[in-house]
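Reading through the structure tokens given below for one structure.
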Amino acid sequence: MKPFIPIIISIFCAFALRAATQPQVEQNPPPLDPKNMDTSVKPGDDFFRYANGAWIKRTEIPPEYSRWGAFNELIEHNNDALHAIAEKTSTTHVDPKLAPETQKVGDYYASGMDEKTIEAQRTKPLEEEFKRIDAIKDRADLLKAIAHLDREGSACPIATITPSRMPT
């Protein structure tokens, strides 16, 4: 009987842990919100109005946008969340050895918000690129400059230069 006592105690402990209250986790809103539906419209007549009519009636397109929808709301919500994270990391001092990602995000955001330094630098950080553009004398130089811009990730006349698409 003695060997069964630890097994029985283990089973009771497992049930006790399982029955313990779980921490509250923030729930995402349901993917389909019935408050957005216009049930006065028959789904067979106009399903779009049936599914979205109430949302359309109560939602105003912000003046800075030409169109507005649920994905725009999602993008704005995500941008607000990212802005809050970047703002927080720029004011949080961490050891770069322990949290290099936090340090990089914070430094990057802070550098973009440092208007005095940006205004003082003006176009100085781009001088090498301007010299490269000024040095273009022929088609070969132009292709080299476009390839350089493409490698740097800048917008250029040719989206991606690959050997098979390289103009001759």
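Treat the numbers as computed from the prediction; the structure is a model and nothing was measured.
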Atom pair CG/CG of N72 and N79 - distance to nearest 0.5 Å: 10.5 Å

Residue pair A145 / I136: nearest heavy atoms and the distance that separates them: CB-CD1, 3.7 Å

Euclidean distance, T92 OG1 relative to I85 CD1, rounded to 0.5 Å: 11.5 Å

Considering all heavy atoms, the nearest K57-D38 contact: NZ-OD2, 2.9 Å

Flag if over 12 foreign heavy atoms under 6.0 Å of CD, E64: yes

Distance, nearest 0.5 Å, that separates OG1 of T102 from NE2 of H93: 13.0 Å

Separation between NE2 of H148 and CG of D141, rounded to the nearest 0.5 Å: 13.5 Å

Under-4.0 Å salt bridge between E119 and R122: yes

Shared hydrophobic cluster for W55 and I61 (ILVMFWY, side-chain gaps under 4.5 Å): yes

Basic-acidic side-chain contact under 4.0 Å: R132, E129: yes

Flag for Q103-D107: side-chain donor and acceptor within less than 3.5 Å: yes

Nearest-0.5 Å distance that lies between atom CE in M37 and atom CZ in F47: 7.0 Å

Backbone of N36 reached by a side-chain donor or acceptor of D33 within 3.5 Å: no

Exam field: side chain D150 to backbone I146, donor-acceptor pair closer than 3.5 Å: no

Side chain proximity check, K42 to Y50, heavy atoms < 4.5 angstrom: no

R139 side, atom CZ; L142 side, atom CG - distance, nearest 0.5 Å: 8.5 Å

ILVMFWY network linking I56 to Y65, side-chain heavy atoms under 4.5 angstrom: yes

Side-chain donor or acceptor of T89 paired with backbone N/O of A86 under 3.5 Å: yes

Same apolar cluster: F48 and W68, side chain cutoff 4.5 Å: yes

